[in-house]
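First comes the structure, then the notes that go with it.
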There are 2 protein chains.
Amino acid sequence: MARKPTVYDVAREADVSIATVSRVLRTPEKVRPETRQTVLKAINLLGYLPSGSARSLAARRTNTIGLFLPNIDQLDQISDFELVTEDAADIVVDPPHAQENNSDSLYFDEVLRGCELESWRQGLSLMVSIGLKGKDGDIPQLINSMSEKVDGLIVLARSVPDNVLAFLRKRLPVVIIANATISQESEFDLVRVSNRKGMYTLVRHLFEKHQVRRMAYIAGTDDSPDNGKRYEGFCEGLRSEGLEPSASPIYRGQFSQSVAYQIATSLARQGTLPQALVCANDQMALGVLRALSDAGISVPDQVIVTGFDGIKEAAVSQPRLTTVRQPMVDLGRAAVSTLVRRLGSPEDPPISTELPVKVQLRESCEGTMI
Amino acid sequence: MARKPTVYDVAREADVSIATVSRVLRTPEKVRPETRQTVLKAINLLGYLPSGSARSLAARRTNTIGLFLPNIDQLDQISDFELVTEDAADIVVDPPHAQENNSDSLYFDEVLRGCELESWRQGLSLMVSIGLKGKDGDIPQLINSMSEKVDGLIVLARSVPDNVLAFLRKRLPVVIIANATISQESEFDLVRVSNRKGMYTLVRHLFEKHQVRRMAYIAGTDDSPDNGKRYEGFCEGLRSEGLEPSASPIYRGQFSQSVAYQIATSLARQGTLPQALVCANDQMALGVLRALSDAGISVPDQVIVTGFDGIKEAAVSQPRLTTVRQPMVDLGRAAVSTLVRRLGSPEDPPISTELPVKVQLRESCEGTMI
DNA sequence: TTGTACGCGTTATCAG
DNA sequence: CTGATAACGCGTACAA
């Protein structure tokens with residue numbers, strides 16, 4: 001690996017000026033085909049690759065956008081990592097305790113894919129950074145090290161403290177994915193999904209196709225806008241049927257599979273199960289399914305269970321889970337798309353986009369579907 | 001968003017030279033605490049953020065590494081994306097057809113996490129790019145646009161054509177994750193897992209704890225080094241028990257869930273099931289589980305089924321799947337770690353690392369586990 | 001069409 | 001400890 005060749009090397013090799021080399025790369029049509037060939041030949045010969053840094057510096061843009069994802073449980077225990085070769089294969093017994101794996105992680109993966117896909121289509125590079133749990137102090141630093149290198153930033157809701165966001169917003173375009181707190185509502189470009197409408201539609205379905213009258217809501221955490229919007233949709237659905245929302249019990253599931261498990265278990269023991277358990281996310285719905293299965297209660301024959309999000313586990317559970325699927329990939333794509341537009345016209349008013357969801361009917365609601 | 005402040009602005013504000021400003025950021029200990037404070041104050045006042053491009057250019061390093069992931073099915077249909085707000089929630093019926101979802105995608109996600117985690121620990125930024133299926137022509141371009149901006153590259157095996165790899169290798173350090181073809185064996189830094197040892201250990205377990213004598217192997221695609229190594233381990237296991245590998249049937253499952261389903265189905269119909277079906281990956285094992293379930297055959301009472309990889313679905317199947325778990329996160333971490341070392345000493349001989357796997361015993365092999 | 005020369009915002013080397 | 005100043009590699013008006 002000798003010293004990397006630069007424009008100068010190519011220019012010398014092709015016996016032209018560096019300006020011409022640059023033109024061949026950026027505006028080939030402005031160069032006589034002949035000389036263009038000569039230059040291209042030299043480029044190939046030397047294995048020349050332009051320097052992104054120099055390019056960005058001169059062009060005043062990096063053609064890179066940053067994606068900032070929030071904490072992920074798995075990365076919590078950041079043990080030191082030793083690079084050791086160890087040809088081994090231990091045997092471990094993996095007891096069937098439903099480990100609480102963060103539903104978010106799957107969610108983020110798809111968003112990432114969407115960002116990557118759309119970035120590619122737009123000819124942009126994508127830089128990714130993940131916040132670390134319990135390491136809030138490092139987030140500003142993380143964000144900064146990324147901000148230096150990108151033209152704009154996409155952050156998932158609540159992955160970054162408000163004050164940091166406010167700071168960033170002054171320096172470069174920021175697009176927020178998912179729900180925003182009210183304070184951000186009018187200042188940032190936003191991309192989100194129809195949480196309210198999704199839950200509403202699901203509840204309407206329960207009324208219309210399954211004649212459910214008594215349903216309970218298993219809620220997420222109180223501080224979650226998602227949770228709030230979904231509950232709104234739930235209430236709206238009830239009212240549309242002439243039911244009083246306050247008459248339907250709410251259980252605080254904290255978005256947690258195990259908490260939901262406990263809730264469903266005690267409901268089953270007390271014999272106070274409603275006709276349908278509407279959960280604010282899939283993880284909790286899965287916990288409920290497991291609890292009911294353990295309690296010997298049949299879903300959906302005795303109780304209907306529904307989730308929200310459309311994570312993969314929900315498609316392979318027993319029974320498979322009826323849920324409201326978020327268009328996660330599209331969230332990513334929309335975010336990039338929004339960012340690109342923003343980069344094109346920095347002074348336009350904030351762009352807010354709401355993506356449609358899909359109510360996916362499966363056995364936990366419909367029963368046998370052949 | 002006014003013009004971004006530069007070192008000059010900060011220098012003027014703090015009434016020092018740009019050199020001092022730079023020092024405050026890079027080598028604070030070399031600046032008198034007093035002036036340091038002044039400079040920091042100015043930085044905060046102006047909301048100064050150094051330019052990554054300029055930094056990289058001057059320092060001759062980007063402090064960024066690139067991760068290149070292979071095709072992902074989901075991103076195949078790259079439809080145009082319109083940024084439209086649509087407050088909608090369609091209802092769709094999702095029939096229980098086991099959709100063939102690429103197992104790789106989950107695999108990659110974890111590798112990505114590992115890379116991200118270790119990059120963070122090493123103070124590096126991570127740039128991600130995903131190759132697109134059927135778009136091989138674009139890969140060189142993709143790779144190039146990334147190579148310009150990174151100090152080194154991590155690529156997943158077979159995500160990039162050999163000739164492109166060879167080209168890149170001349171320009172910057174490249175670490176390959178997972179198995180490599182023989183031609184790459186000695187030229188690149190490699191990180192992989194103990195495929196052979198893992199399968200061997202699993203087979204030994206079947207002998208020792210379950211007295212299995214007749215087992216069949218459901219193989220992946222022939223061109224996969226992973227598949228090859230795993231089969232080696234399988235054979236080695238048989239021989240260690242005095243069994244002749246050629247006496248154990250091999251079925252060509254192509255790493256495909258549906259193909260494996262068909263295989264298991266016909267074995268069940270013919271009544272030619274062995275005592276254990278050892279699958280080269282989890283996807284196939286899941287297909288087998290489904291087939292046996294449909295055929296009314298009990299696992300593991302009548303047949304033991306095992307997989308390989310440790311994907312998430314394997315932990316929630318009915319019964320849960322005994323498998324050999326690859327340390328995917330660690331693969332990513334090891335790759336970054338290797339790359340960092342390589343960046344430190346470009347001329348050292350290739351580094352090859354083999355990570356240990358874990359045989360995870362679950363119900364598809366052990367039966368009820370309390 | 002092609003070349004010259006300056007600027008992009010840092011880092012790093014040397015004097016002071 | 002601090003301040004000039006020369007790289008760093010490329011884009012781009014401006015000239016030729």
Side-chain angles (χ1 to χ4, degrees), chain A residues 2-40 42-43 46-64 144-145 147-151 171-172, chain B residues 2-40 42-43 46-64 123 125 144-145 147-151 171-172:
Chain A
R3 203 185 101 277
K4 305 187 180 181
T6 73
V7 262
Y8 294 98
D9 301 313
V10 176
R12 194 183 321 122
E13 179 72 29
D15 198 38
V16 297
S17 75
I18 63 164
T20 299
V21 177
S22 181
R23 288 196 194 95
V24 169
L25 264 40
R26 307 211 57 68
T27 51
E29 68 281 4
K30 294 194 161 194
V31 174
R32 178 155 36 105
E34 246 174 272
T35 45
R36 193 192 307 162
Q37 288 311 318
T38 318
V39 172
L40 286 175
I43 288 180
L46 299 179
Y48 167 71
L49 218 52
S51 149
S53 326
R55 247 188 192 184
S56 305
L57 181 57
R60 259 166 292 249
R61 48 183 291 182
T62 62
N63 277 320
T64 301
N144 272 3
S145 79
S147 312
E148 300 174 356
K149 304 174 182 172
V150 302
D151 294 332
R171 317 271 21 272
L172 76 174
Chain B
R3 200 183 105 276
K4 306 186 179 181
T6 74
V7 261
Y8 293 97
D9 301 314
V10 176
R12 193 183 321 124
E13 179 72 29
D15 198 38
V16 296
S17 74
I18 63 166
T20 298
V21 177
S22 181
R23 285 197 197 93
V24 169
L25 264 40
R26 307 210 57 68
T27 51
E29 69 281 4
K30 295 195 159 192
V31 174
R32 180 160 32 110
E34 245 175 88
T35 45
R36 192 193 308 162
Q37 288 311 317
T38 320
V39 172
L40 286 176
I43 287 179
L46 299 179
Y48 167 72
L49 216 52
S51 150
S53 324
R55 243 185 193 184
S56 306
L57 180 58
R60 261 167 293 250
R61 47 183 292 181
T62 61
N63 277 318
T64 301
S125 299
N144 272 4
S145 78
S147 314
E148 301 174 356
K149 304 174 182 171
V150 302
D151 294 331
R171 317 272 20 276
L172 76 174

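In what follows, chains are A, B, ... by sequence order, proteins preceding strands, each numbered from 1.
- Residue B:Arg61 contributes atom CZ, which lies 15 Å from atom P of D:dG9 at whole-angstrom precision.
- Remark: P of C:dG9 and CD1 of B:Ile43 are 16 Å apart, rounded to the nearest angstrom.
- Between B:Val24 and B:Val16 the shortest side-chain heavy-atom distance does not fall below 4.5 Å.
- Taken to the nearest 0.5 Å, the CD1 atom of B:Ile43 stands 11.5 Å off from the CZ atom of B:Arg36.
- Backbone-only engagement by B:Thr35 is indicated by non-hydrogen atom pairs under 4.0 Å involving sugar-phosphate atoms exclusively.
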Checklist entry - Along nucleotides 10-16 of chain C, 5' to 3', which nucleotides get a B, which get an S, and which get a -, given that the test is a protein heavy-atom distance under 4.0 Å? => result BBBB---

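- Closest-nucleotide positions on DNA chain D for A:Thr20 and B:Glu29 were compared, and the one nearer the 5' end corresponds to B:Glu29.
- Separating the NZ atom of A:Lys4 from the C1' atom of D:dA7 is a distance of 17 Å, rounded to the nearest angstrom.
- What separates CG of B:Asp9 from P of C:dC8 is a distance of 11 Å, to the nearest Å.
- Inter-axis angle, ends of the helix from C:dT1-D:dA16 to C:dG16-D:dC1, five pairs per end, rounded to 10 degrees: 30°.
- Atom CG of A:Asn63 is separated from atom C1' of C:dC8 by 15 Å (rounded to the nearest Å).
- Side-chain atoms of A:Thr62 come within 3.5 Å of backbone N or O of A:Asp151 as a donor-acceptor pair.
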